[in-house]
Amino acid sequence: MPKTSAVAVSTLSDLDGCATMAIADALRVILADAYAIYLKTKGFHWHVSGPYFRDYHLLLDEQAAEILAITDAIAERARKTGHTTIRSIGDIARHQTIKDHDKKFVTPQDMMSELRADNLLLVESLRRAKEIADKANDNATSGLIDTWTDEAERRAWFLFEISR
C-alpha cells in the first residue's frame, strides 16, 4: 500500500471563500437534518400500525428513499464549494436541528404530523441556505436547493393530506 500523508482536502472554487464557507455550513445542517428525517421516517415505516398500515408503510418507505437519494448531492455540493461536510453519526448529531424521536409507540396520526412538521422545518433551512447561495452568486447550489425544497414541500403536503 502506498504511504499517504495527512493533507487537507481542498477543492478550488471561483466563489468568495467566506461565502462558500457559509454555504457549506448551511449545507452541513441540511445534510444532518436530511439524515435525521430519513432515520425518523424509516423508524416510523418499521413501526406503523393500524387499519391504514399498508398505505402508510409504503408512503413512508417511498419518502425515506427520496430523502436518502438527496444526501449524496448535498454532500457533493458542499465539497464543490471547497469545503467539507459531515463525517459521522456524531457529526450529524452536532449539526441536526430536527429532533430525534425515541418513543416506543406513536400513533400513525402523530407520525404523519411529526414528519410533516419536520419536512417544513427542512424547507425553512433550505430557504435560508438559498438566500446564502444567492447572495454568493452560487447558482448551482441555489438551483439544487429549489429542487430539494419542492421535494420537501411535496412530502409535507402528502403527509398533511393523509393525516386529515
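Nothing here was measured: the structure is a model prediction, and the numbers come from that model.
Using modelled atom types, one finds a donor on one side chain and an acceptor on the other under 3.5 Å when comparing Arg128 with Ser125.
The salt bridge (charged side-chain N to carboxylate O under 4.0 Å, His left out) check on Glu131 picks up nothing, with sequence neighbours excluded. Listed by chain and residue number, Arg28 satisfy the side chain to side chain donor-acceptor pair (under 3.5 Å) test with Asp25 (two or more places apart in sequence, or in another chain). In this structure, the side chain to side chain donor-acceptor pair (under 3.5 Å) partners of Thr141, at least two apart in sequence or on a different chain, are Arg77, Asp138. For Tyr35, there are no ring pair (Phe, Tyr, Trp, His ring centres under 6.0 Å) partners at least two apart in sequence or on another chain. Asp118 is linked by a salt bridge (charged side-chain N to carboxylate O under 4.0 Å, His left out) to Lys40, counting only residues two or more places apart in sequence or in another chain. A search for salt bridge (charged side-chain N to carboxylate O under 4.0 Å, His left out) contacts involving Arg154 returns nothing, not counting sequence neighbours. Shown here are the ring pair (Phe, Tyr, Trp, His ring centres under 6.0 Å) partners of His47, two or more places apart in sequence or in another chain: there are none. Contacts of Asp146 classified as side chain to side chain donor-acceptor pair (under 3.5 Å), with partners at least two apart in sequence or in another chain: Lys130. Checked against salt bridge (charged side-chain N to carboxylate O under 4.0 Å, His left out), Arg164 has the following partners two or more places apart in sequence or in another chain: Glu161.
Looking at Asp110, its side chain never comes within 3.5 Å of a backbone N or O of Val106 through a donor-acceptor pair. Remark: side-chain polar atoms of His45 are not paired, donor with acceptor, to backbone N or O of Thr41 under 3.5 angstrom.
Rounded to the nearest 0.5 angstrom, Gln109 CD and Ile162 CD1 are separated by 8.5 Å. Distance check, rounded to the nearest 0.5 Å: CD1 of Ile89 to CD1 of Ile92 gives 4.5 Å. Atom OH of Tyr56 is separated from atom OG of Ser163 by 7.5 Å, given to the nearest 0.5 angstrom. Here CG of Asp91 is found 11.0 Å from CD of Gln96. Values are rounded to the nearest 0.5 Å.
Taking all atoms of both residues into account, the shortest heavy-atom contact from Ala26 to Ala129 is CB-CB, 3.8 Å. Contact detail for Asn119 and Ala156: the closest heavy-atom pair is CB-CB, 4.2 Å. Heavy atoms only, all atoms of each residue included: Ala19 and Ala136 are closest at CB-CB, 3.5 Å. Taking both residues in full, the closest heavy atoms of Ala24 and Thr84 are given as CB-O, 4.4 Å, listed atom of the first, atom of the second, then distance.
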Take Leu27 and Thr85 through the side chain to side chain contact (heavy atoms under 4.5 Å, CB included) test and state the conclusion after the steps.
CA-CA 8 Å; Leu27 290 173; Thr85 189; over 6 Å; no
Check against side chain to side chain contact (heavy atoms under 4.5 Å, CB included), Arg94 and Ser88
CA-CA 10 Å; Arg94 284 186 291 278; Ser88 66; 4.1 Å; yes
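Hydrophobic clustering places Ile74 together with Ile37 (ILVMFWY residues linked when any side-chain heavy atoms are closer than 4.5 Å, directly or through intermediates). Linking Ile, Leu, Val, Met, Phe, Trp and Tyr residues whenever their side-chain heavy atoms come within less than 4.5 Å places Ile30 and Tyr38 in a single cluster. In terms of hydrophobic clustering, with Ile, Leu, Val, Met, Phe, Trp and Tyr side chains grouped at heavy-atom distances under 4.5 Å, Val48 and Ile67 are assigned to different clusters. Leu159 and Leu39 sit in two unconnected hydrophobic clusters of ILVMFWY residues. Membership requires side-chain heavy atoms under 4.5 Å apart, directly or through other members. Cluster membership check: Ile145 shares its hydrophobic cluster with Leu68, using side-chain heavy-atom separations under 4.5 Å among Ile, Leu, Val, Met, Phe, Trp and Tyr.
A 4.5 Å side-chain heavy-atom check between His83 and Thr20 finds at least one atom pair inside the cut-off. Contact annotation: the side chain of Ile98 approaches that of Leu121 to within less than 4.5 Å [non-hydrogen atoms, C-beta and beyond]. Inter-residue side-chain proximity for Val29 and Asp33 is flagged as met; some heavy-atom pair is nearer than 4.5 Å.
Listed by first then second residue, pairs satisfying ring-ring contact (aromatic ring centres under 6.0 Å, His included) with a partner in residues 123-164 number zero, not counting sequence neighbours. Residue pairs meeting the ring-ring contact (aromatic ring centres under 6.0 Å, His included) criterion with at least one member in residues 98-131, sequence neighbours excluded, are Phe44-His101.
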Result block: side-chain N/O donor-acceptor pairs under 3.5 angstrom for residues 58-65, not counting sequence neighbours:
from, atom 1, to, atom 2, distance (Å)
Asp61, OD1, Lys42, NZ, 2.6
Gln63, NE2, Arg155, O, 3.4

